[in-house]
Amino acid sequence: MLMISPRMASGMQEKQYTPSLLSFFIYNPTFGPREGEEEKKILFYHPSDVEKNEKIRNVGLCEAIVQFTRTFCPTKPAKSLHTQKNRQFFFEPEDNFWIVMVVRNPMIEKPNKDGKPPTVEYQEEEILDTVYGAVVRQCYSMYKLFNGTFGRAMEAGGVELLIQKLEKFFYRYLQTLHLQSCDLLDVFGGISFFPLDKMTYLKIQSFVNRVEESLSLIKYTAFLYNDQLIWSGLEQDDMRILYKYLTTSLFPRHSEPELAGRDSPLRPEVAGNLLHYGRFLTGPTNLKDPEAKFRFPKIFVSAEDGYEELHLIVYKAMSAAACFMINASVELTRDFCEQLDSLVGPQLTLLASDICEQFTINRRISGPEKEPQFKFIYFNHMNLAEKSTIHMRKTASVCLTSVHPDLMKILGDINCDFARVDEDEEIIVKAMTDYWVVGKKSDQRELYVILNQKNANLIEVNEEVKRLCATQFNNIFFLD
Amino acid sequence: MDAEAPRAAVSWENGTLAPVDHLRSDRADSPTPGLVEGTEPGAGQKSAMFVRAQSFEDLTAESEELIQREAQLDKPIESAEELEVLVGEKSIEEQHNNDVASENRTKEEDVSSEAWRSHRKHVFVLSEAGKPIYSRYGTEEALSSTMGVMMALVSFVEAEKNIIRSIHADGCKVVFLAKSPLVLVGVSRTCQSDKELLRELQYIYYQIVSLLTLTQLNHIFQHKQNYDLRRLLAGSEYLTDNLLHRLDRDPGLLLSAVTCLPLPSSTRDVVSSSLQAAKAKNLVFSILLAGDRLVTLVRKKDQFLHHIDLNLVFNLVGSSSSFREGEGWTPICLPKFNTAGFFHAHISYLEPASDLCLILVSTDREDFFNMSDCKQRFLERLNKRSAYQSLKEALKCPSYSVEQVGIPELRHFLYKSKSSGLYTSPAYPVVYQTDEEQERLMGLYQDLHSRLHHPTRPLRSLYRCTESENLMAWVTSGFELYLCFSPLGTKALAVSAVTKLLKWIRKEEDRLFILSPLTY
């Protein structure tokens with residue numbers, strides 16, 4: 001319950017509450033089909049201190065909703081339930097396994113006189129189904145990245161193991177969900193690519209090739225700079241979720257040491273190694289430590305015959321990060337890590353400064369950055385590329401946007417329109433605040449522009465967007 | 001097109017019911033500059049005819065403002081006991097049992113079949129005990145268990161001190177509306193927003209109330225919770241069927257407005273004044289319809305008709321052919337006026353084969369002969385002043401084609417004057433000739449409408465460019481405008497079309513709108 005803006009209303013405090021997670025549960029109706037056994041259906045329930053009967057009741061409602069919806073559309077399952085106080089999102093990622101997330105609607109609490117309880121007003125139109133539906137799917141993808149499918153746990157150790165794994169994963173993961181700042185970018189779940197000249201790109205590619213050749217254990221490599229992707233050997237969908245994990249969880253947790261001064265005690269591993277700035281973000285924090293453990297997180301990615309299990313090594317030097325993935329059946333040793341460190345460390349340090357230099361030159365060529373009259377979000381469904389000038393840096397805890405939340409929701413509304421038909425389309429709206437919002441969909445690409453030219457007319461807005469397309473996306477065709 | 005924009009914001013909130021008087025001098029020559037509420041093309045000169053219908057917010061407002069107007073009437077409306085005698089268990093049935101429409105109802109459908117499931121829009125009405133009252137498709141008997149589940153879902157969520165609103169699946173949604181003592185459920189495969197679907201369910205609710213009054217409805221269920229309301233409503237299902245059909249097709253129900261028969265203002269004035277002269281003590285509203293278009297409406301001073309009530313009257317007249325056979329006399333509750341009591345409507349066609357239908361609404365149920373007399377007096381006056389002939393002439397072309405406006409690539413439009421509650425729209429062009437295409441176009445309008453009137457993120461204007469048409473919608477404090485262009489239309493064309501169209505409507509306004517509504 002985050003209070004964002006306590007307003008003074010007629011001398012009394014009015015409290016505003018943003019959307020928040022009420023509960024999150026996973027059940028399988030086939031596990032307790034008989035009466036009295038309903039509890040067996042429940043595999044995970046957050047918050048865990050909810051009374052047993054209430055858990056059973058809430059799961060029962062979900063089952064009823066799903067069953068009822070089948071009366072009218074047997075093939076398309078129910079996705080959400082809207083009520084006055086909350087919204088529930090349903091997702092069946094694997095046969096009979098249902099994930100349900102209940103989000104409380106934002107509300108305003110108005111105090112009453114004479115000690116009466118405050119009046120609560122629920123804002124029922126604020127939550128976008130597409131956004132939170134995507135959040136639930138993301139929860140599952142993240143679980144699957146680190147644990148494999150629910151079915152895999154069932155095969156390996158039955159319901160007990162699955163329950164254990166769900167507990168372990170979601171207990172921590174749910175704390176990192178920041179429902180109040182979810183928006184259109186969660187719907188896309190895209191990847192931000194780092195813009196690069198051909199020369200530097202080739203350098204990176206040859207670096208990846210060299211490393212993969214010298215260390216033949218490495219099966220896949222991904223290369224990022226400044227939290228943006230440059231190279232990936234993984235399948236798109238796997239990279240998408242791995243990217244999400246790296247940029248919203250792993251990198252933010254490790255950003256402090258680099259910001260700290262060179263002599264700061266926060267970066268002991270650098271102090272002992274003056275040759276390069278490379279360090280492991282997963283696995284051992286200090287190779288010199290005789291007690292160091294060489295254990296890396298395991299991830300599951302898709303393969304021809306289902307999925308494969310891999311060690312995830314993330315190695316970073318300054319702003320450049322390389323991810324190396326190695327078959328999980330291989331045991332990783334101190335020897336291997338030292339070899340990797342000495343091979344990758346110096347090269348990656350060098351590459352990082354090269355990219356940085358190139359980046360600064362490019363910036364200078366494109367001229368000093370003026371505050372533009374527009375902000376935009378671009379997404380390409382084919383390569384998952386996304387670009388946003390609306391979002392400031394996205395950190396683990398908050399996603400800062402530079403526009404009013406209502407405008408973000410209008411973008412979401414337009415996105416829903418686009419999703420309905422598989423046709424090229426353009427929508428231009430003028431909001432009550434006089435901002436213009438333009439949405440364009442062409443082929444698999446979507447572009448959303450917010451213009452702060454309140455006195456412009458439709459024709460001028462159209463011209464402005466044309467100019468933007470010409471400068472930012474000159475090789476992409478948009479329906480006019 | 002942006003000059004008026006800042007002023008538009010005002011109109012969303014101030015839903016005053018009292019009409020504002022405007023003098024002719026307020027009317028600007030050019031429609032665009034200085035466009036404020038009440039001076040837009042089509043705004044009535046003296047006062048509005050209707051209770052101000054701001055928009056569909058009126059319909060979806062949670063709190064039912066019961067405007068107690070009976071006290072102002074010459075004679076109070078009958079007490080609840082009297083009403084019950086009046087609508088005995090058979091009265092509605094008898095009244096409509098000879099109707100063709102009710103027999104045509106094809107309800108015998110297999111409710112587990114794919115054909116039944118794939119209907120675009122289902123509507124169910126049930127009692128709070130879960131008893132079926134109405135289903136658009138399939139018999140209530142066959143659906144009683146489905147409706148039982150619906151009621152169970154409603155009660156379950158209610159038990160948690162919460163209210164169920166809707167269920168969403170890909171391409172299908174279910175919306176719930178609890179209007180004690182009834183529960184209405186809509187299942188839709190259209191793209192309509194929840195709010196639009198709720199608005200439609202609300203209409204169905206009012207339709208049922210208009211047959212029984214809310215007082216009687218409450219009374220019945222207070223006495224017997226599991227009463228089978230179909231016993232009372234038997235034979236009237238076709239009214240709901242027809243209303244649902246209209247909701248898919250009639251822009252008036254979407255815009256919360258009605259449209260007029262295009263008529264030279266001199267003719268309309270004579271018709272109106274003839275109707276005004278044919279008054280009686282208990283007469284509250286005199287309405288002359290041509291098909292589903294309004295010719296004129298005369299009302300008692302200080303009494304306003306809500307557009308929902310008027311549309312329910314339209315529906316009653318349009319659904320039944322029995323009124324063609326003579327003078328009809330039927331009790332009707334106008335729920336937006338007063339949910340507790342009945343009015344009595346004298347309904348008759350001016351000539352058996354004519355589209356002109358006169359509705360005289362009285363507060364006295366013994367008033368049949370008085371009303372019949374009013375009608376005679378009206379007809380005499382009309383004939384004497386030869387207006388009847390020009391009215392009949394106008395009936396030959398009850399609509400106009402969009403070509404008359406002279407804007408290239410413009411296929412169709414809807415224009416609503418907010419202060420008068422009237423709208424105008426040309427006939428469907430050739431590209432939208434089939435029922436299917438017309439409903440698709442209505443769907444597009446509904447979509448635009450719900451975006452402009454979003455409950456928390458309303459818009460001033462919207463331009464949408466698709467492969468089959470280009471659409472534009474614009475709302476100001478004075479009017480709402482929806483335009484449909486061919487996909488060849490450009491944005492520049494759309495911008496100039498708006499100005500041109502508003503000028504044209506201004507020029508034609510005394511033919512297309514009722515500018516000087518009368519009272520007795």
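All chains are named by letter (A, B, ...) in the order of the sequence lines, taking the proteins before the strands, and each is independently numbered beginning at 1. Note that this is a predicted model, so its numbers are computed, not measured.
- The existence of a salt bridge linking B/Asp170 and A/Arg420 is excluded, since no basic side-chain nitrogen approaches an acidic carboxylate oxygen closer than 4.0 Å.
- Most heavy-atom pairs under 4.5 Å with chain A: of the set B/Val175, B/Asp447, B/Leu471, this distinction falls to B/Asp447.
- The CZ atom of B/Arg117 sits 9.0 Å away from the OG1 atom of A/Thr71 when rounded to the nearest 0.5 Å.
- For the atom pair CD1 (B/Ile167) and NZ (A/Lys79), the distance works out to 14.5 Å, reported to the nearest 0.5 Å.
- Counting heavy-atom pairs closer than 4.5 Å to chain A, the top-ranked of the candidates B/Thr146, B/Val187, B/Val149 is B/Val187.
- Taking CZ of B/Arg460 as the start and CG of A/Asp434 as the end, the distance is 4.5 Å to the nearest 0.5 Å.
- Comment: A/Glu125 engages B/Lys195 in a salt bridge, judged by a side-chain N to carboxylate O separation of less than 4.0 angstrom.
- For the pair B/Arg457/A/Asp413, a side-chain contact is recorded, criterion being any heavy-atom separation below 4.5 Å from C-beta on.
- In this structure A/Tyr45 satisfies the ring pair (Phe, Tyr, Trp, His ring centres under 6.0 Å) test together with A/Phe25, sequence neighbours excluded.
- Considering only heavy atoms from C-beta on, B/Leu462 stays 4.5 Å or farther from A/Ile428 through its side chain.
- Atom CD1 of A/Ile459 sits about 7.5 Å away from atom OG1 of B/Thr490, to the nearest 0.5 Å.
- Note on A/Glu426 versus B/Lys491: salt bridge recorded, some NZ/NE/NH1/NH2 to OD/OE distance being below 4.0 Å.
- In terms of non-hydrogen atom pairs under 4.5 Å with chain B, the most contact-rich of A/Ser80, A/Ala78, A/Ala431 is A/Ser80.
- The minimum heavy-atom distance between A/Cys73 and B/Ala169, with the atom names listed, is SG-CB, 4.1 Å.
- Highest contact tally toward chain B, considering only A/Val429, A/Asn86, A/Asp417, is held by A/Val429 [criterion: heavy-atom pairs under 4.5 Å].
- Residue with the most contacts toward chain B among A/Leu61, A/Ile410, A/Leu407: A/Leu61 (heavy-atom pairs, distance under 4.5 Å).
- In terms of non-hydrogen atom pairs under 4.5 Å with chain B, the most contact-rich of A/Glu423, A/Lys76, A/Gln67, A/Glu124 is A/Glu423.
- Residues A/Arg57 and B/Glu160 are in side-chain contact: their nearest non-hydrogen atoms beyond the backbone lie under 4.5 Å apart.
- Atom NE2 of residue B/His454 and atom CE of residue A/Met432 lie 12.5 Å apart, to the nearest 0.5 angstrom.
- Considering only heavy atoms from C-beta on, B/Cys465 stays 4.5 Å or farther from A/Lys440 through its side chain.
- Among residues two or more places apart in sequence or in another chain, the ring pair (Phe, Tyr, Trp, His ring centres under 6.0 Å) test is passed with A/Phe68 by A/Phe72.
- Between the CZ atom in B/Phe156 and the CD1 atom in A/Ile65 there is a gap of 9.5 Å [rounded to 0.5 Å].
- For B/Glu114, the CD atom counts as densely surrounded, since its 6.0 Å shell holds more than 12 non-hydrogen atoms of other residues, nucleotides or ligands.
- Defined by atom type and a distance below 3.5 Å, a donor-acceptor pair is missing between the side-chain atoms of A/Gln123 and B/Thr456.
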